[in-house]
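Heads up: the structure comes next, in structure tokens.
In this chain, residues are counted from 1 in sequence order. These numbers were taken from a predicted model, which means no experiment stands behind them.
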Amino acid sequence: MAASFVVGEKFRSRVTALLQRTDTLVPPELREELELVLDQPEPTTLSFRTARNLKKHLQDKGYPFYLHELLEDSSLHLPEVVKPPRNPELVARLEKIKAKLANEEYNRITRNVNAQEINRNGTLADFGRQVRSAKAAVVTVFNFLVTVAATFACSYMGSQYLFTETTARVISAVIASSVVGLAELYVLVRTMEGELGEL
């Protein structure tokens, strides 16, 4: 809180002139205070108590100038606010509370987030599931083709004991492989239907 003024040149010159006048009798106590103020190095400060005493003296003697005219180019002297040092225990406790609140806020924000479902378009778990599914489909198609081809080869080779002509052997191999292929497709469709039913 302000308790004094920083006086300017107008105050210094007026008070110096007041103290040098011989027709005025400034009280000795006030004279000493004013001389101390004038002898101070810059910035010169004038306490409120001394300013009140000077105002009272000027009013009592009926001088033609007033205190506000003397302090016209002056300003309030605001002392620096010295902050007391913070208690280290309190600072540590506050930091702990801040960290706890931040952690609670983070947990509240992320409680609906599942680490496995961060990317809805495809996480690693989804990618692995898709690879296994594609692998099963490729193996099934490969198994189907191998079975049909093996049936054709066996029928073609086995039919040489029945037919001497190549055309008859090929037709019998195609019929046998078609029957096995249709049976494989039937089993495959039933299996896929069962898997889709489980989903």
### Message
Checking L94 against E89 for the side chain to side chain contact (heavy atoms under 4.5 Å, CB included) test, could you report, in this order, the C-alpha distance in whole Å, the side-chain angles of both residues, the deciding distance, and whether it holds?
### Response
CA-CA 9 Å; L94 285 174; E89 292 175 12; over 6 Å; no
### Task
Starting from V180, walk the hydrophobic network (Ile, Leu, Val, Met, Phe, Trp, Tyr; side-chain heavy atoms closer than 4.5 Å) and list everyone else you reach, by chain and number.
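None; V180 is a cluster of one.
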#### Entry: Remaining members of the apolar cluster that contains V138, side-chain heavy atoms under 4.5 Å
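Via sub-4.5 Å side-chain contacts, V138 links to none.
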#### Entry: Test item: L188 and F144 side chains (from C-beta on) under 4.5 Å apart, heavy atoms
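Contact flag for L188/F144 side chains = no.
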Among all residues two or more places apart in sequence or in another chain, which pass the side chain to side chain contact (heavy atoms under 4.5 Å, CB included) test with [X]?
X    : answer
L145 : V141
I171 : T167, I175
Y156 : T166, R169, V170, A173

### Query
So which pairs with a foot in residues 91-108 pass side-chain hydrogen bond (donor to acceptor under 3.5 Å, both in side chains), sequence neighbours left out?
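Every side-chain hydrogen bond (donor to acceptor under 3.5 Å, both in side chains) pair that includes a residue of residues 91-108, provided the two are not neighbours, is E105-R108.
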### Task
Please round to the nearest 0.5 Å and tell me the distance separating atom CD of E184 and atom OG1 of T140.
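Between E184 CD and T140 OG1, I get 9.5 Å after rounding to 0.5 Å.
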### Message
Taking F152's backbone N and O only, do any of them form a donor-acceptor pair with S155's side chain (distance below 3.5 Å, no angle check)?
### Response
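Not confirmed, S155 side chain does not pair with F152 backbone.
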#### Entry: V148 to S177 - nearest heavy-atom pair and separation
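Closest approach of V148 to S177: O-CB, 3.6 Å.
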